[in-house]
Amino acid sequence: HAYAPPLALGASPSAAPSRFRGVSSSRGSVRPLRAVASVSSATKLEGEALATYMSVMSDDLSRLFTTGIDKSLYAPNVSFEDPLTTYDTIDGYLFNISMLKNVFDPVYTMHSIAQTGDWEVSTRWTMAMSLPTVPFFWAPSLTFTGTSVMGIDPDTKQVTKHFDTWDAISQQGFFMNTGSTQGVAEVMRQVLDITKQPALETPQYVVLRRYAEYEVRRYDPFLVAETRTNSNDEDQGDRLGAGGMTGLPAGGNPFGTLAGYLFGGNEEKKSMAMTTPVFTGGGKMQFVMPKSVGGVGNAPAPNDPAAVAVTEQPGGVFAAIRFAGIATDAYAKEREDKLLQLLGKDELVADKNVPASLAQYNDPLTNPVQRRNDVLVKLQSFDVGRLDK
């Protein structure tokens, strides 16, 4: 989907009224907005000075929650604002960083940095956090994606304004200034998510966008052992739930077939570690292979090559919608339809050559309210670094 911002990179901030605080926006509208106007004899940050500044800032932000930022890059009275907090000094900003680091063990990933005004630089990022097990015994994890808009003083080249947006909400700005509780509600929604993911090896992915109702993830490649979830009945080829992981329309047990292979039913009689999730879709069930297996050529040969095959999944960018409960075929299909509707609204195109899949993370004995299920749809393309949505 094309990105055509009404304000070109480096355009004068005076070309549009400043609405820096309390921004209300949908993902189809333009973010970020101008942070600071130029008062210097230099008309804008450009050329070698711009390249050097963005390199320094990119390197500095990469250490946000490790060795920490360089205080000298920020004005003493820098204003920081996100949906939950606001500070008007560098010491307040540093206190916020320290608090997040010590309480939530955050992991910050910056996806892009770009000039978005004469004296303005913006970044796109993902921040993943975990909560302490006391009192959060259900071990929730928090993920936020968004942008940071940094206004730069033309004379000192220090950041004077830092404004964070979250992709999951439409009303941006500190909640006590805007009167909106969207940011608080988003945090509570994640904290109170009691679904659990077993402590098992799982495919690695980075959340590129966390929206209100779904995520966009970039998966690394991974190996799977797979078997069919139907006979040669093409009408059943798009089953997602695969009979709740245990049955075929015409009989059989795909889960048992793959479990047998993984736990020693192979020519090497090699038992491998259990992983999560179990994928179903496109007429197949797939178990993730442990990374220790290596490549496809290193995997133990199945006793029945007609029943089990080991393949590499190439990874890529997928939209994912999560839900709890028992993942029946009907409910999984309902979630898939909902996800496709959301993608259409956000002008994201599903790859029609790749069938949707259901990821089920828990064993059948897990309380249904705690089961984690994801429906995944591969995207045709996705601009990871774009700033407006």
Side-chain angles (χ1 to χ4, degrees), residues 5 7 9 13 18-23 25 27 29-36 45 50 53-66 68-71 73-75 77-90 92-101 104 106-129 142-153 157-175 177-178 183 186 206-211 383-389:
L7 291 175
L9 294 182
S18 175
R19 294 177 291 163
F20 187 73
R21 294 178 179 268
V23 178
S25 63
R27 290 196 297 280
S29 63
V30 172
R31 295 202 308 261
L33 297 164
R34 301 283 71 82
V36 65
L45 188 62
L50 171 63
Y53 184 86
M54 290 205 298
S55 176
V56 169
M57 186 58 68
S58 178
D59 181 63
D60 188 62
L61 290 172
S62 70
R63 299 192 300 271
L64 186 63
F65 297 113
T66 53
I69 62 171
D70 182 350
K71 184 176 179 178
L73 295 174
Y74 298 81
N77 62 342
V78 60
S79 69
F80 172 84
E81 183 175 350
D82 70 14
L84 291 188
T85 58
T86 183
Y87 298 95
D88 289 317
T89 66
I90 183 59
Y93 181 38
L94 292 174
F95 167 81
N96 186 59
I97 293 172
S98 177
M99 182 273 296
L100 291 172
K101 178 180 178 180
F104 298 102
V107 176
Y108 174 87
T109 303
M110 190 171 70
H111 303 297
S112 65
I113 183 169
Q115 183 181 28
T116 47
D118 287 357
W119 295 98
E120 179 183 283
V121 169
S122 298
T123 62
R124 169 156 285 288
W125 46 261
T126 295
M127 188 163 68
M129 301 186 291
L142 310 181
T143 300
F144 301 91
T145 66
T147 65
S148 295
V149 187
M150 292 168 285
I152 306 161
D153 184 281
K157 306 300 186 296
Q158 292 178 315
V159 174
T160 58
K161 294 185 178 182
H162 182 133
F163 187 84
D164 278 359
T165 72
W166 294 357
D167 296 317
I169 64 176
S170 59
Q171 181 71 50
Q172 306 298 337
F174 181 50
F175 72 100
N177 292 339
T178 65
E186 171 61 18
V206 174
V207 177
L208 303 177
R209 301 289 190 277
R210 178 181 169 87
Y211 295 134
D383 185 349
V384 176
R386 68 179 292 177
L387 296 167
D388 64 325
K389 66 177 180 179

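- Using the six-membered ring where Trp is involved, Phe80 and His162 have ring planes that are tilted, between 30° and 60° apart.
- Looking only at side-chain heavy atoms (C-beta outward), Asp153 and Trp119 stay at 4.5 Å or farther from each other.
- Remark: side-chain polar atoms of Arg124 are not paired, donor with acceptor, to backbone N or O of Asp388 under 3.5 angstrom.
- Taken to the nearest 0.5 Å, the CD1 atom of Ile169 stands 8.0 Å off from the OG1 atom of Thr178.
- At least one side-chain heavy atom of Leu64 sits under 4.5 Å from a side-chain heavy atom of Ile69.
- When all heavy atoms are compared, the tightest approach of Ser112 to Gly385 is OG-O, 2.8 Å.
- Panel note: side chain Ser62, backbone Asp59; a donor-acceptor pair is recorded below 3.5 Å.
- The CG atom of Asp118 lies 9.5 Å from the CG atom of Leu45; values are rounded to the nearest 0.5 Å.
- Ring pair Phe95/Tyr87 is perpendicular by interplanar angle, where above 60° counts as perpendicular and below 30° as parallel.
- Atom OG1 of Thr147 is separated from atom CH2 of Trp166 by 12.5 Å, given to the nearest 0.5 angstrom.
- Here CD1 of Ile90 is found 9.0 Å from CD of Gln158. Values are rounded to the nearest 0.5 Å.
- Between the CD atom in Glu186 and the CZ atom in Arg210 there is a gap of 4.5 Å [rounded to 0.5 Å].
- Contact between Phe174 and Glu81 at its shortest, heavy atoms only, is N-OE2, 2.8 Å.
- Residues Tyr74 and Asp60 are in side-chain contact: their nearest non-hydrogen atoms beyond the backbone lie under 4.5 Å apart.
- Thr145 and Asp167 form a side-chain donor-acceptor contact under 3.5 Å, judged by distance and modelled atom types alone.
- Ile152 and Glu120 make their closest contact through CD1-N, 4.2 Å (heavy atoms, listed as atom of the first residue, atom of the second, distance).
- Across Ser58 and Ile113, no two heavy atoms sit closer than the pair N-CD1, 4.2 Å.
- Between Met57 and Val159 there is a side-chain heavy-atom pair separated by less than 4.5 Å.
- To the nearest 0.5 Å, atom CG of residue Leu208 and atom CZ of residue Arg386 are 13.5 Å apart.
- Between Ile97 and Phe65 the shortest heavy-atom distance is O-CE2, 3.8 Å.
- In terms of heavy atoms, Thr165 sits closest to Gln172 at CA-OE1, 3.3 Å.
- Using modelled atom types, one finds no donor on one side chain facing an acceptor on the other under 3.5 Å when comparing Thr109 with Thr126.
- Within the 3.5 Å criterion, the main-chain N or O of Thr66 finds a donor-acceptor partner in the side chain of Lys101.
- Inter-residue side-chain proximity for Ser122 and Met150 is flagged as unmet; no heavy-atom pair is nearer than 4.5 Å.
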